[in-house]
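These figures come from a predicted structure and were not determined experimentally. Count residues from 1 along the sequence.
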Amino acid sequence: LKQASRYLAQFGGRCNCISFGGIEADQTQSFKQAYSALSPQNSMVPINDALIVLKWLIFEAPQSLNGSEVMVDGGFTCI
């Protein structure tokens with residue numbers, strides 16, 4: 001990520017990363033409950049939240065945002 005962002009910057013490009021975790025989909029109810037119990041938000045990430053961040057990063061994020069990792073996991077990695 002860092003090497004790609006440095007390299008692409010000289011050509012006007014940028015490279016960022018979105019790390020998703022615990023996106024709610026067709027998991028079993030017991031899995032959702034177990035995951036949610038470990039998450040600071042006590043829930044899984046709604047798919048719409050993941051899509052909003054993806055849209056923002058592609059279309060709306062400032063050009064100066066380069067070489068960043070955006071965590072979309074409901075705070076799971078903060079534990």
Taking all heavy atoms of [X] and all of [Y], pick out the closest pair and write down the distance.
{"X": "S43", "Y": "S36", "result": "CA-OG, 3.3 Å"}
{"X": "S39", "Y": "F76", "result": "CA-CD1, 4.1 Å"}
{"X": "G75", "Y": "P40", "result": "O-CG, 3.2 Å"}

Same cluster (ILVMFWY, side-chain, under 4.5 Å), [X] and [Y]:
{"X": "L51", "Y": "V45", "answer": "yes"}
{"X": "I58", "Y": "L8", "answer": "no"}
{"X": "I23", "Y": "V53", "answer": "yes"}
{"X": "F59", "Y": "I52", "answer": "no"}
{"X": "V70", "Y": "I47", "answer": "yes"}

How about Q3: does its CD atom have over 12 heavy atoms from other parts shown lying under 6.0 Å from it?
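It does not: Q3 CD has 12 such atoms or fewer within range.
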
Test item: [X] and [Y] side chains (from C-beta on) under 4.5 Å apart, heavy atoms:
{"X": "C15", "Y": "L1", "answer": "yes"}
{"X": "S5", "Y": "R14", "answer": "no"}
{"X": "I18", "Y": "V72", "answer": "yes"}

Please check: side-chain N/O of N16 versus main-chain N/O of L65, any donor-acceptor pairing under 3.5 Å?
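Yes: the side chain of N16 pairs with the backbone of L65.
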
Side-chain donor/acceptor of Q33 to backbone N/O of S30, under 3.5 Å
no

Rounded distance (nearest 0.5 Å) linking atom [atom1] of [X] with atom [atom2] of [Y]:
{"X": "M44", "Y": "L38", "atom1": "CE", "atom2": "CG", "result": "10.5 Å"}
{"X": "T28", "Y": "Y35", "atom1": "OG1", "atom2": "OH", "result": "14.0 Å"}
{"X": "K2", "Y": "N66", "atom1": "NZ", "atom2": "CG", "result": "8.5 Å"}
{"X": "D49", "Y": "L54", "atom1": "CG", "atom2": "CG", "result": "12.5 Å"}

